Amino acid sequence: MGRFYITTPIYYVNDAPHVGHAYSTVNADAMARWHRLVGDDVKFLTGTDEHGQKVADAAEKNGLTPQEWTDRTSARFREAWDALGISYDDFIRTTEPRHYESVQKFLTAIYENGYIYKDVYKGLYCVSCEDYYTVEASIDGNCPIHGRPLTEMEEENWFFRLSAFEDKLLEYYDRHPGFVTPETKRNEAYSFIKGGLRDISITRSSISWGVPVPWDEKHVFYVWYDALINYMTAIGYGRADNEVEDWWPFSHHLIGKEIIRFHCVWWPAMCMAAGLEPPSHVQVHGWLLVGGQKLSKTMAQEGGVKLTDIAPVVLTNEFGVDPIRYYLLREAVLGNDGEFSHEGITARYNTDLANNLGNLVARVATVVGSKCSGLGPTPRADSSLRVEAETAIRDTAAAWDRFAPQSALEATWGLIGATNSYLERLAPWKMEPGPEVDAVMGDALEAIRLVTILATPAMPGVCDEIWHRIGLSGSPIDHSFQQIAIWGLYPGGSVEKGDPLFPRIKSES
Ligand code: MSP
């Protein structure tokens, strides 16, 4: 069995979590669950990014110290992830002592390797991005992402010699074709490097809310510089509990497309400068858009959608945990943008969940109840559904392996569709009780058993429930995928009808 170290970006605590944050986290969670299912040793890391000007400003506006504010907001992220059934193994906060220790060790290594020097920085800064822009990159002096005026900044800072890594990075990309996926995003990062890299300022003396620079106490590290190192903190870099060698070769960063430059240019260069290999893989995803716009606090302030209306906890209360997880994984191809809407969730819910999956489980339970005395029969080895099941198993597994949840769910739903058609064709509800109906129901139950295994990374709660309803004990994750995702293993069992799994939602119009 392999190892799998998956990370989400760590979220800024300037505001409460919204569904855009949930998009990253649910996708990472499903990947972590998939890898646990196939028996990998998994470490799933998420957390909060608590330093920087933006967070310090938010604290001040709310009349709290930065620490009080970050304690409060970081807890809201945990609550949201609990509500969404996120199975993280570690939740990192960048204000923790372990992070300070790893950051200081990591940056001291870069300093001692000669890649950090002092200079004066003059430039345009966007507090919302926590990033500098050149005049050319700005739009009439405004931030190209937030549209807000950029501030002129001039400071004596410590710089990272990023320019020294141009060739090394290009060579790394050439030698590791799968380093950044999808390919379009890899090309974006590659062209950025090819366009020439400038050294970057990595410390601030104008603010104190950050990790102190060990060799110059007047400075703290620039928030992005400490934030990226969280991926190392969690595996004990520079500390007694160091597990870097165990996990780093198996690292996968899942990130939104707006932070490609940090993760695909700066971060691999920082790793090289510290004498380490870059992460093994960065998977980029697109944005969830509302009315064509990225969700953001700025957008809400300008009268757009209220972020509080699409807080993860509000959505899970309205639609249920598994339907929201399903929607976030199924709606858009990972890597592309997707449009988020309540109508979109309702449509997916009614079609894929209520009509297809829910209906399949309900009709099978009904027929087993009326024609098989509630006892689920065993499947046939030569069922025509077997081919469909084996295709779904193969395609679903391959899609999860290549970070494509949308295709994985499509392949799984292919088996649900095939099973519904099989039942419609044979109409077991019209048959007399006996071997013929037993055979059909055994096949259908086996297909359902396999669906619950294939869909458990996306909808763990519902899959456990179905597993029980068809008379199985424990959970689909109790055995490894390779041992149980095989046609013919359904041992039979008592089948329970239960309440509808996904009561249809009436559309408002
Ligand atoms: N703190 C930095 C990341 C540091 S990682 C070392 C940051 N934080 S963030 O809170 O602004 O955004 C984090 C991530 O949230 C984004 O990369 C993206 O993955 C996700 N999203 C935020 N809004 C989103 C959408 N509207 N749609 C999809 N994902 C979005 O950047």
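Just so you know, ligand 1 is whichever comes first in the structure, and atom 1 is the first atom listed for that ligand. FYI, side chains are in, hydrogens and waters are out, and symmetry mates aren't considered; it's all heavy atoms of this structure. This structure is a prediction, so every number in the text was calculated from the model and none was measured.
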Number the atoms of ligand 1 from 1 as they appear, then name those within less than 4.0 Å of a heavy atom of [X], with their elements.
X      : value
Ala227 : 6 (C)
Leu288 : 25 (C), 26 (N), 27 (N), 28 (C)
Gly286 : 28 (C)
His263 : 5 (S), 6 (C)
Ile259 : 17 (O), 31 (O)
Tyr23  : 28 (C)
His285 : 18 (C), 19 (O), 28 (C), 29 (N)
Ser24  : 18 (C), 19 (O), 20 (C)

Q.
Any donor-acceptor pair under 3.5 Å linking the side-chain atoms of Arg198 with those of Thr134?
A.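 Side chains of Thr134 and Arg198: no pair found under 3.5 Å.
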Q. Taking atom types as modelled, is there a side-chain donor on Trp158 or Asp216 under 3.5 Å from an acceptor on the other?
A.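 Yes - a donor-acceptor pair under 3.5 Å links their side chains.
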Q. Is there a nitrogen or oxygen of Pro9 sitting under 3.5 Å from a nitrogen or oxygen of ligand 1?
A.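 No, Pro9 has no N/O under 3.5 Å of an N/O on ligand 1.
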Q: Could you tell me if any non-hydrogen atom of Phe340 lies under 4.0 Å from any atom of ligand 1?
A: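 Phe340: no contact with ligand 1 (<4.0 Å).
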Q) Please walk me through it: do Glu130 and Lys54 pass salt bridge (charged side-chain N to carboxylate O under 4.0 Å, His left out)? A) CA-CA 7 Å; Glu130 295 282 13; Lys54 181 151 75 166; over 6 Å; no
Q: List the steps and the verdict of ring pair (Phe, Tyr, Trp, His ring centres under 6.0 Å) for His285 and Phe403.
A: CA-CA 10 Å; His285 69 69; Phe403 292 77; over 10 Å; no
Q: Report the C-alpha distance between Lys61 and Asp57 in whole Å, list the side-chain angles of each, state the deciding distance to 0.1 Å, and finish with yes or no for salt bridge (charged side-chain N to carboxylate O under 4.0 Å, His left out).
A: CA-CA 6 Å; Lys61 225 171 89 194; Asp57 288 353; over 6 Å; no
**Q.** Pair Lys257-Glu188, salt bridge (charged side-chain N to carboxylate O under 4.0 Å, His left out): steps then yes or no
**A.** CA-CA 10 Å; Lys257 66 178 184 181; Glu188 192 180 317; over 6 Å; no
Q.
With side-chain contact (heavy atoms from CB on, under 4.5 Å) as the criterion, how do Ile10 and Phe77 come out once you've worked through the C-alpha distance, each side chain's angles and the decisive distance to 0.1 Å?
A. CA-CA 10 Å; Ile10 47 172; Phe77 277 87; over 6 Å; no
Out of [options], indicate the one that has the non-hydrogen atom closest to [atom].
atom                    : options                        : value
atom 23 (N) of ligand 1 : His18, Lys54, Lys257, Glu130   : His18
atom 5 (S) of ligand 1  : Tyr231, Trp287, Tyr225, Phe262 : Tyr231
atom 1 (N) of ligand 1  : Thr94, Asp49, Thr25            : Asp49

**Q.** Residues that Glu96 engages under salt bridge (charged side-chain N to carboxylate O under 4.0 Å, His left out), provided they are two or more places apart
**A.**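 Result, salt bridge (charged side-chain N to carboxylate O under 4.0 Å, His left out) vs Glu96: Arg98.
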Q.
List the residues meeting side-chain contact (heavy atoms from CB on, under 4.5 Å) with Asp41, not counting sequence neighbours, and say none if there are none.
A.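 Per chain and number, Asp41 pairs via side-chain contact (heavy atoms from CB on, under 4.5 Å) with Arg3, Trp247.
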